[in-house]
Amino acid sequence: MKRILTGVKPTGYAHVGNYFGAIKPAIELTKQQDTECFYFIADYHALTTLNNKQEMQDYTYDIACTWLACGVDPNKVVFYKQSDIPETFELNWILCNVTPKGLMNRAHAYKACVEKNEMANVDRDAGVNMGLYNYPILMAADILLFDTDYVPVGLDQKQHVEIARDIANYFNKKYGETLKEPEDIIQKETATLVGLDGRKMSKSYGNIIGLFTTEEQLRKSINKIVTDSRMPGEPKDTDCALFKLYSLFAGEEKSKEFAKKLQEGLGWGEAKKQLFEVANEFLKPMREKYFYYQTHRDEVDKILADGAIKARMIAKKTLSKVRKAIGV
Ligand code: ADP
Ligand code: TRP
């Protein structure tokens with residue numbers, strides 16, 4: 001049995017890029033026989049960007065409902081909220097004491113802030129709080145608390161998993177073999193999905209196609225996809241955001257036909273209609289589940305509370321091993 005763990009920050013509503021890049025591959029891992037999956041909502045990590053109670057609650061439910069709607073089975077996956085696991089924060093403090101400050105200075109999010117400040121000729125630590133600075137240690141606590149073997153993440157999180165491994169190693173050198181050293185799993189085949197304007201689809205660029213919007217909003221978003229100026233009748237390229245999205249939603253067979261139609265001169269307007277049809281068909285059953293959970297939040301609370309109970313049984317064991325190792 002291999003233990004797989006990953007966390008998602010509740011910092012905005014889920015989009016189609018999140019689905020194909022992170023949610024779908026993570027759900028596929030839960031269907032493998034030799035895996036035991038721990039998926040959680042990293043709400044305390046979101047504090048580095050959120051400071052509004054309503055947003056924290058809305059985005060937390062959005063992630064919970066999204067993952068449940070997309071196929072997380074709470075009977076197979078331990079699905080919980082980081083803030084429900086107090087052991088995380090105790091381990092976090094212990095890990096702070098084996099982590100060299102220099103390691104945090106090299107962490108990419110902090111380094112990027114420093115570089116920006118230096119360019120702007122202001123204090124190098126301007127706008128940096130200790131939550132941001134210690135972010136990778138909290139992430140290491142999330143991971144190491146569960147004796148995790150593998151952490152599926154996007155490329156941007158690779159360094160954080162490496163830091164978790166380094167921290168486990170520092171701890172083990174000091175106190176003897178106690179913590180498992182995790183490895184990342186980077187999904188290579190999931191190329192970065194582009195957004196409406198041709199840049200990476202991202203909440204921070206405002207170019208997303210929301211995963212669970214209404215049909216009308218989905219249609220509107222699709223209509224905003226930037227295309228070139230070729231007219232109906234002119235052959236079109238398949239090397240574009242519109243085709244990439246179509247192929248993700250429709251699968252290989254149908255997208256071959258679609259490619260042929262584009263090469264034969266299908267107009268962009270008609271192409272967008274056809275993309276809407278396949279996207280809507282794909283998302284509809286999941287959307288229904290999503291809105292079901294959004295309107296039955298007590299069920300979601302119960303699932304997360306049960307997940308926390310299961311998670312804490314393991315967390316307590318690891319923490320007790322760690323406390324013993326350090327002599328408290
Ligand atoms: P955003 O850029 O919208 O803020 P996050 O950083 O919260 O998204 O990403 C959450 C997960 O979704 C990560 O695992 C990330 O790799 C994946 N992801 C985000 N945007 C895309 C995209 N455009 N294409 C593929 N995967 C993505
Ligand atoms: N830092 C991750 C992100 O921004 C979220 C996260 C928090 C995480 N703790 C984790 C991911 C533990 C994997 C494992 O996307």
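As the structure lists them, so they are numbered: ligands from 1, and atoms in each ligand from 1.
Taking only nitrogen or oxygen atoms, main chain and side chain alike, Ser204 does not reach within less than 3.5 Å of ligand 1. On a distance-only criterion, Val153 and ligand 1 share no N/O pair closer than 3.5 Å. In terms of N/O distances under 3.5 Å, ligand 1 is not approached by Thr11. Taking only nitrogen or oxygen atoms, main chain and side chain alike, Ala22 does not reach within less than 3.5 Å of ligand 1.
Proximity to Gly21 (heavy-atom distance under 4.0 Å) selects the following atoms of ligand 1: 25 (C), 26 (N). Below 4.0 Å from some heavy atom of Gly154 lie the following atoms of ligand 1, by number and element: 14 (O), 16 (O). Using a 4.0 Å cut-off to heavy atoms of Met201, the atoms of ligand 1 that qualify are 20 (N), 21 (C), 22 (C), 23 (N).
Between Arg3 and Glu36 there is a salt bridge, with a side-chain nitrogen of the basic residue lying less than 4.0 Å from a carboxylate oxygen of the acidic one. The residues Glu28 and Lys24 are annotated as salt-bridged, a charged nitrogen and a carboxylate oxygen being separated by less than 4.0 angstrom. Ion pair Arg312/Glu87 flagged as a salt bridge, since at least one NZ, NE, NH1 or NH2 atom sits closer than 4.0 Å to an Asp/Glu carboxylate oxygen. The pair Glu257-Lys254 does not meet the salt-bridge criterion, since no charged nitrogen lies less than 4.0 angstrom from a carboxylate oxygen. Salt-bridge annotation for Glu264 and Lys260: present, with a side-chain N of the basic residue lying under 4.0 Å from a carboxylate O of the acidic one.
By the 30° and 60° cut-offs, the orientation of the rings of Phe20 relative to Phe249 is perpendicular.
The protein residues lying under 4.0 angstrom from ligand 2, judged by non-hydrogen atoms, are Leu5, Thr6, Gly7, Lys9, Phe40, Ala42, His45, Tyr135, Met139, Asp142, Ile143, Val151, Val153, Gln157.
Considering Ala14, Ser202, Gly206 only, the shortest heavy-atom separation from atom 1 (P) of ligand 1 involves Ser202.
Within the structure, side-chain hydrogen bond (donor to acceptor under 3.5 Å, both in side chains) contacts touching residues 89-114 (residues at least two apart or in different chains) are Glu90-Arg323, Asn105-Tyr133, Tyr110-Asp125.
One distance of note links OG1 of Thr88 with CG of Leu144; it measures 11.0 Å at 0.5 Å rounding. Between Leu245 atom CG and Lys272 atom NZ the span is 11.5 Å, to the nearest 0.5 Å. Here the CD-CZ distance, from Glu281 to Phe276, works out to 11.0 Å after rounding to the nearest 0.5 Å.
Residue contact check for ligand 1: Lys9 places no non-hydrogen atom closer than 4.0 Å to it. Residue His15 places a heavy atom less than 4.0 Å from ligand 1.
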Q.
Under the criterion side-chain hydrogen bond (donor to acceptor under 3.5 Å, both in side chains), I'd like the reasoning laid out for Gln32 against Lys2: C-alpha separation, chi angles, the key distance, then a yes or no.
A. CA-CA 10 Å; Gln32 288 180 13; Lys2 290 291 175 207; over 6 Å; no
